[in-house]
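Per chain, numbering begins at 1; letters A, B, ... match sequence-line order.
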Amino acid sequence: MSADEPVLELESMDKHFKTTSSFVETVKETVFGEGPKLVRAVDDLDMTLEQNQVQGVIGESGCGKTTLLRTVMGLYDPTGGDIRFQGQSTSEFGKADWKEFRRKVQIVFQDPFNSLDPKFSVRRTIAEPLEIHDIDYDRSDIEEMLEKVGLTPASQYIQQFPNQLSGGEKQRVAIARALVTDPEVILADEPSSMLDVSTQAEILNLLNGLTSEFGVSMIYISHDLSTVSYICDEINVMYLGRIVEKAETRELLSDPKHPYTKALIQSIPIPDPHHDRERATIGGEPGDPIDMPEGCRFKTRCPERMDVCDHTPRDVDPDGEGERSVACHLYYDHEATTGDAEEPVEEHTPETPT
Amino acid sequence: MTDPILEFEDVDIRYRTEKGNDVHAVNDASFSINRHDYFGLVGESGCGKSTIADAIVGGLDANGEVTSGTIRYKGEEIQDYSEKEFNRNVRWKEISVIPQSSMNSLDPVMKLSNQAVEMAKYHTDLTKTEAVDRLRELFEVVGLSESRIHDYPHQFSGGMQQRAIIAFALYLRPSLIIADEPTTALDVIMQDQIIDYINGLKDDWDISMLMITHDISVVFENCDSMAVMHGGQVAETGSVVDVFDRPRHPYAILLQNAFPDVRFPDRELAVIDGHPPQLRGEVDFCTFADRCPWAKPECREGAPDPQAVAGDDDHQAWCIRADEMEELAADHLDRNATEESILEGER
Ligand code: SF4
Ligand code: SF4
């Protein structure tokens, strides 16, 4: 792998589902009606994760961010497009490649109370992935890992069980377990959202230092823009399966383009009684991933909706500098673009997950 | 000038346990809520804020009890009320509750209109038609379509259910509403809208609000005054502006700085080490002492008495070093001074 090659690339990635009863049980993120309708949980998604970079993905429930994470993890096969890890497509992976992938791509879950096995001591929790991947270790390796995530002195923690740990300590153990195999990528599913504020700050500070201290890259999904902005270099705003805006964190916060991004930012309460916030004016219900409208999927809530919004907007670069993108008809000249405003043809055959 | 609707004075609340080491969930808590005021009670899980909410409406678990102190509602002591007295005098028609999730409050298998009729039958002499009409009016207040009043709760999305609950909380025209983390289960945009509805009630309804939350920004934005709790003790109480501009309890200071502020993504978040103590047995010490960077031996020798901040009796901090905090915590108090918001239209 060369030094400037992206560690992970998602190219036009799709994950479509048929809604069937077995599916309802397996995916909690979306709520469904009856009948085998098609859910485009992730639709034509591009993302490039550079080395030592943190890409944030934010959106409401049902936007597809959890499906995105699970597909990248290899829990679902993508229905279309490509996932490349260190330059190699996962569709070409053999058994050994997958094993290597599972060592190099680790996940930290939202809920530290459920993600640790209550019967496993801290030592065994951290040792387990090392044993699975046949990595030699001794007690001092585990202690060193614990110290690195702030569980000091390690000797005090190593024999403890999850029920003896606070929420923040559990999440540190989960982070240590993710880091111990020396991964390239961490997939983080709102790891601070279940914690109290004072603990949340510790975990956010810890996550913030991961890229520099451990040389990992991270995809960080969340519903909460105010915590994401502490961690991420770039933010991808996801709405009903699509990324509607992508920009460097400060750019996105200071100069949001998409009406949905604007609404998300305007909905964040500000911890300051002197601040007078203008509230978002859009409808509060998150979009329904089953009955998605034709054209721009945000049009049912959009205060700026126009006739042309019945057609799917292109992804354009609003600044013309090739650094950010927004999918909204407000940002391009329709006359000047050719072949525009066609609804993309669905060419992939959806599968039913098993 | 002050006209309190609800007063807590030196209230202790305990939960008995079989082994005899009772949980002292709330210790010596004092605060008061003025009429028409929105009051925020903020703190981490286990700090005692939900126990306080339960005690106000007589909803403590069977092993819970107000063991000393007084809770006065409109001047009358209610801490020793029986279940019957709470039902007859307090619940719904004086004090109603907006819970976290509608599942605790609405009957999922009964039409909303019928639930209104039931409530009216028990508490009012409205006719059936009047009872349904009143719900219809309230649906409009909370932004629900009145065509849906004959629906069942399960036909509503989470956000709509929460609005329906607000409608029911207003139904008997109470004087005080307790909102206990009313939006935590919802998505961000919906959260903000529901809070905005709750906030909007201020203008048209003669009510006071006790808003219980872990989210200090919701309190700063929507409340007039507040209390910060830690480990079963009230740490600081005062107007939101006073607590924001001049916090004097170390926990109130650090908590504010631990909270992400989207305007300042480069700000370092304050970390509060450790965790609150288990509240078994007598709480005769400052429960923040194990986590406090400025703790002294005296902090463990007795529960701190309240100190009026800058001579203002409406702004109190339960810290023996409150009057030194301006100096001791100077580094933590100068936030906002130099930073500029990065949000659009604010630079
Ligand atoms: S494309 Fe149209 S409907 Fe969609 S966000 Fe832009 S203006 Fe709104
Ligand atoms: S009383 Fe002591 S331990 Fe408690 S907050 Fe004040 S200085 Fe800290």
Would you please test Glu181(B) and Asp215(B) for side-chain contact (heavy atoms from CB on, under 4.5 Å) and show each step? CA-CA 9 Å; Glu181(B) 304 270 10; Asp215(B) 189 343; 5.8 Å; no

Intermediate values then yes/no, salt bridge (charged side-chain N to carboxylate O under 4.0 Å, His left out), Arg291(B) and Asp273(B): CA-CA 6 Å; Arg291(B) 314 177 74 184; Asp273(B) 288 325; over 6 Å; no

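- Between Asp180(B) and Lys49(B) there is no salt bridge, since none of the side-chain N atoms of the basic residue sits less than 4.0 Å from a carboxylate O of the acidic one.
- Against chain B, the residues from residues 160-176 of chain A that qualify, each with a non-hydrogen atom under 4.5 angstrom away, are Ser166(A), Glu169(A) in number order.
- For Glu140(B), the CD atom sits in a loose shell: 12 or fewer heavy atoms of surrounding residues, nucleotides or ligands are nearer than 6.0 Å.
- Ranked by heavy-atom pairs under 4.5 Å with chain B, the first of Glu285(A), Glu202(A), Gln200(A) is Glu285(A).
- Electrostatic pairing of Glu248(A) and Arg324(A) does not count as a salt bridge here, judged by no charged N lying under 4.0 Å from a carboxylate O.
- Only the side chain of Asp187(B) comes within contact range of chain A, judged by heavy atoms closer than 4.5 Å.
- The parts of Ile270(A) that come within reach of chain B are both its backbone and its side chain, each placing non-hydrogen atoms under 4.5 angstrom from that chain.
- For a residue to count as touching a neighbouring chain, one of its non-hydrogen atoms must lie under 4.5 Å from one of that chain's; by this rule Ile282(A) touches chain B with backbone and side chain alike.
- Across Ile216(B), Asp266(B), Leu255(B), Ile195(B), the residue that shares the most heavy-atom pairs under 4.5 angstrom with chain A is Asp266(B).
- The environment of CD in Glu268(B) is sparse: at most 12 heavy-atom neighbours from other residues, nucleotides or ligands sit within 6.0 Å.
- Note on His275(B), Gln193(B), Gln191(B), Met160(B): by heavy-atom pairs under 4.5 Å with chain A, the leading option is Gln193(B).
- In this model, no donor atom of one side chain and acceptor atom of the other lie less than 3.5 Å apart for Ser222(A) and Asp224(A).
- Aromatic ring centres of Trp294(B) and His332(B) lie closer together than 6.0 Å.
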Let's go through Asp192(B) and Arg277(A) carefully: what are the C-alpha distance in whole Å and the side-chain angles of both, what is the deciding distance for salt bridge (charged side-chain N to carboxylate O under 4.0 Å, His left out) to 0.1 Å, and is it a yes or a no? CA-CA 11 Å; Asp192(B) 197 47; Arg277(A) 175 165 61 94; 2.8 Å; yes

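- With respect to chain B, the highest number of heavy-atom pairs below 4.5 Å among Leu225(A), Asn205(A), Thr227(A) belongs to Asn205(A).
- A salt bridge is defined here as a Lys NZ or Arg NE, NH1 or NH2 lying under 4.0 Å from an Asp or Glu carboxylate O, and Arg301(A) with Glu60(A) meets this definition.
- The candidate from Ser198(A), Pro273(A), Ala263(A) with the greatest count of non-hydrogen atom pairs under 4.5 Å with chain B is Pro273(A).
- Among the candidates Gly158(B), Ala270(B), Gly159(B), Ser45(B), the residue making the largest number of heavy-atom pairs closer than 4.5 Å to chain A is Ser45(B).
- Within the 4.5 angstrom heavy-atom criterion, no atom of Asn257(B) approaches chain A.
- Taking the six-membered ring for Trp and thresholds of 30 and 60 degrees, Phe39(B) and Phe31(B) have nearly parallel ring planes, at less than 30 degrees apart.
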